[in-house]
Every structure is written in C-alpha cells, then in structure tokens.
Amino acid sequence: MMRSTHIAAAPSSMLLSEFIEYFVTMSKHDLRPTTLDRIYRPAFKSFLKVAGNKELSSYTVRDVETYKAERLNTCSPVTYNIAFRTLKAAFNQAIKWELSNENPFLKSKQVRVPEKPPIHFTREDFDKFIAVVKEPVLKDLCIFAVMTGMRQGEILNLQWCNVDLDQKLIRITSQDGFLTKTGKSRTIPINDDVCDLLKRLKSQATEHRYVFVRSGEKLKQSYAEHKFKQYVRVANLRDDLKFHSMRHTFATWLVQNGTSIYEIQKLLGHTDIKTTQIYAHLVA
C-alpha cells in the first residue's frame, strides 16, 4: 500500500500593486516615512514597470535579471544595488506574511561596484562653502552637521528635550514621526563649539520644541537639501557633494586627527565596524 504524501498548499498571494500598499501600511511602525517614500516606493515602481503586475509567487529570477538589465541602462550600479536589496527584503517579508513562497531575488546577485572613498569636504572647501551661505539657520545647521556627524533626519528632528547642555550630551532617539535608522537610541558627546552654538540657538528659541527652526516651523528636509546644493554650486565646489557628505566629513576629519575607528563607530552609531572602516584609508 503506497503511503500518501501531503503537499502543503501554497500560501495565498496577491498582486504586486496590492502588496506595495499592504507593505507600506504594515511597515509604518518599523521603517521611517522617508525610507518608505524615497527607497521602497521607487524600487517597487521600477520593478513593476519592467516585470509587470503579477502575483508575488509568479515572479522568477528571469524577471529579476530582466529588471537588472533594463535598470542598468538608466541608473548607476549603486542605485540598482539599493533597489535590489530593497526588493529582496520586501519579498522576504512577503514570505514571512505567507503571501508568497518564493523570493526570486535570492537567485540573483547585486552588481559589483568598485569601492570608492566617501565624498567629503576638505577643511578649505568647507570654509568656502560656509562663507557663501546667507541664511543663518542653514549655516548653523551645516556647521552642526560637520561637528557632530549626525544623520540629516537626526538633526532635523532633534528636540531640546534631548539636548543636555550641562553634561554636553545629545540623545538621539525615535519619537513621533521619526525613527532612528537602527531603531535604537544612542548618546553622543558634544564639544565646546557645538555647545556654544546650541546655547545661542537656545537663547533665540521661542518655545519651539525643535532645535532647527525656520519661520516658526521645524526645518524641512527639502529646504535643507535644496539650499545645500545651491550653495555648493555658488562656492564652485564638486557637484557630487551632498548633505550626507557632511557626515562623511566629520568621520574623515576625526580619522585625520588620529581618532580610532572604534570611537568613530560609536559616534556615528554604526552597528557594524565594517561600515566605519571605509574611513580608515582617508588619512591625509
């Protein structure tokens, strides 16, 4: 008598277009709004455009490879790799939610990209940049960024309740409308120059809970990024400098001053020392 073999039914699935909205809704408490809007949604949209709107379990490695070939015609390998990792993570989540039983991205690979040193300001170039910035709040913001190494979102969402001027400490933590990148809190020390800058801003503050304020409102990311690029061009500096370059600048200058990679890792909030080691070769 032959023994019957039980074959588990495939999990219920949904169309990719439906999954995108489901994923965004389910991930709102785990991922930052900017991460969902600027990384996940564009990745989903680009894959949907190339591979079509099918049930999640219907996608194959051929779809992924076709997507890779199409995307690399219009974007850089680095941009593709970000989308690849994003979609791979999303399909893994679909499996956990029993919406699919396959992740086609597991059978494909990222594009190899030669490692490049992070883009940063030289001290001379940063002086040139600051000299042309007209708006006081933007000037303070950029100086603060270079002197603390904090991420853009951490700075723009910094509240006075997380600033301890007596102990010269800043606590970076998740709050309403903002999640830290790792989901964890950390405390960083600030030097006398940062402390003096904050004391000045504190004396000018008018009951607003956020540190960096413009026209009575929390400084917006779009404003900070737009004005930053504008003044990079006014100062006639390399066009690939970005707001995030000030974080790289902070780490680079510390390395050049002899600070250990392990100390820089703590200050930047990297969970893996390998992330911090990209600065090890930047000693002047």
Side-chain angles (χ1 to χ4, degrees), residues 24-25 27-45 79 82 86 118-121 126 128-163 165 170-183 185-186 188 190 194 197-235 237-250 268-269:
V24 170
T25 300
S27 303
K28 283 183 177 178
H29 298 295
D30 299 316
L31 297 172
R32 293 175 296 172
T34 52
T35 300
L36 289 170
D37 291 340
R38 303 178 68 177
I39 298 178
Y40 276 87
R41 281 193 180 278
F44 279 133
K45 183 179 179 180
T79 299
I82 292 172
T86 299
I119 298 165
H120 65 280
F121 284 94
F126 188 72
K128 289 180 181 177
F129 169 75
I130 285 298
V132 301
V133 177
K134 295 180 179 180
E135 294 82 356
V137 65
L138 188 68
K139 185 171 293 192
D140 288 336
L141 180 78
C142 293
I143 292 172
F144 182 87
V146 161
M147 290 197 295
T148 63
M150 289 168 59
R151 297 179 177 93
Q152 183 187 63
E154 296 170 344
I155 298 173
L156 296 180
N157 287 281
L158 180 63
Q159 299 186 26
W160 286 114
C161 62
N162 290 321
V163 175
L165 292 174
I170 289 176
R171 181 169 172 78
I172 300 169
T173 184
S174 297
Q175 57 203 28
D176 290 342
F178 171 71
L179 291 174
T180 62
K181 186 171 183 178
T182 62
S185 299
R186 76 181 192 277
I188 61 171
I190 55 177
V194 176
L197 186 155
L198 289 171
K199 285 179 179 178
R200 176 169 53 78
L201 292 178
K202 183 72 171 176
S203 69
Q204 300 168 353
T206 57
E207 304 302 321
H208 206 289
R209 58 177 174 159
Y210 290 101
V211 173
F212 291 97
V213 178
R214 175 175 176 263
S215 301
E217 300 290 338
K218 180 179 75 169
L219 201 62
K220 293 184 179 179
Q221 179 180 352
S222 57
Y223 171 83
E225 291 182 344
H226 171 73
K227 298 300 288 187
F228 176 86
K229 290 300 293 184
Q230 174 185 324
Y231 286 120
V232 163
R233 289 167 182 147
V234 170
L237 302 177
R238 54 188 297 177
D239 200 54
D240 52 0
L241 283 165
K242 301 178 181 179
F243 193 99
H244 193 74
S245 300
M246 291 185 287
R247 179 168 160 87
H248 293 319
T249 301
F250 167 80
L268 293 178

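Residue numbers run from 1 in the order of the sequence given. Here the structure is a predicted model, which means the values were calculated and not measured.
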Could you tell me whether a side-chain N or O of [X] sits under 3.5 Å from a main-chain N or O of [Y], the two making a donor and an acceptor?
X	Y	answer
Lys199	Val194	no
Arg247	Met150	no
Thr249	Phe121	yes
His244	Gln152	no
Lys128	Val232	no

Would you call [X] and [Y] a side-chain contact if the rule is heavy atoms closer than 4.5 Å?
X	Y	answer
Val133	Cys142	no
Met246	Phe126	yes
Asp140	Arg200	yes
Ile170	Leu198	yes
Phe228	Leu141	no
Val24	Tyr40	no
Tyr231	Leu237	no
Gln175	Arg209	no

Distance-minimising heavy-atom pair for [X] and [Y]:
X	Y	result
Ser185	Ser174	OG-N, 4.4 Å
Arg171	Leu158	O-CD1, 4.5 Å
Val132	Ala235	CG2-CB, 4.0 Å
Tyr210	Asn157	CE2-O, 3.7 Å

Inspect the surroundings of NZ in Lys220 and state if more than 12 heavy atoms from other residues, nucleotides or ligands are less than 6.0 Å away.
no
Taking atom NZ of Lys227 as the centre, does the number of heavy atoms from other residues, nucleotides or ligands within less than 6.0 Å exceed 12?
yes
Rounded at 0.5 Å granularity, tell me how far [atom1] in [X] sits from [atom2] in [Y].
X	Y	atom1	atom2	answer
Arg233	Leu241	CZ	CG	11.0 Å
Thr35	Asp30	OG1	CG	11.5 Å
Arg238	Ile119	CZ	CD1	5.0 Å
Ile39	Ile82	CD1	CD1	6.5 Å
Phe250	Thr148	CZ	OG1	6.5 Å
Lys139	Leu197	NZ	CG	12.0 Å

After noting the C-alpha distance and the side-chain angles of Leu201 and Trp160, does the key distance pass the side chain to side chain contact (heavy atoms under 4.5 Å, CB included) rule?
CA-CA 10 Å; Leu201 292 178; Trp160 286 114; 4.0 Å; yes
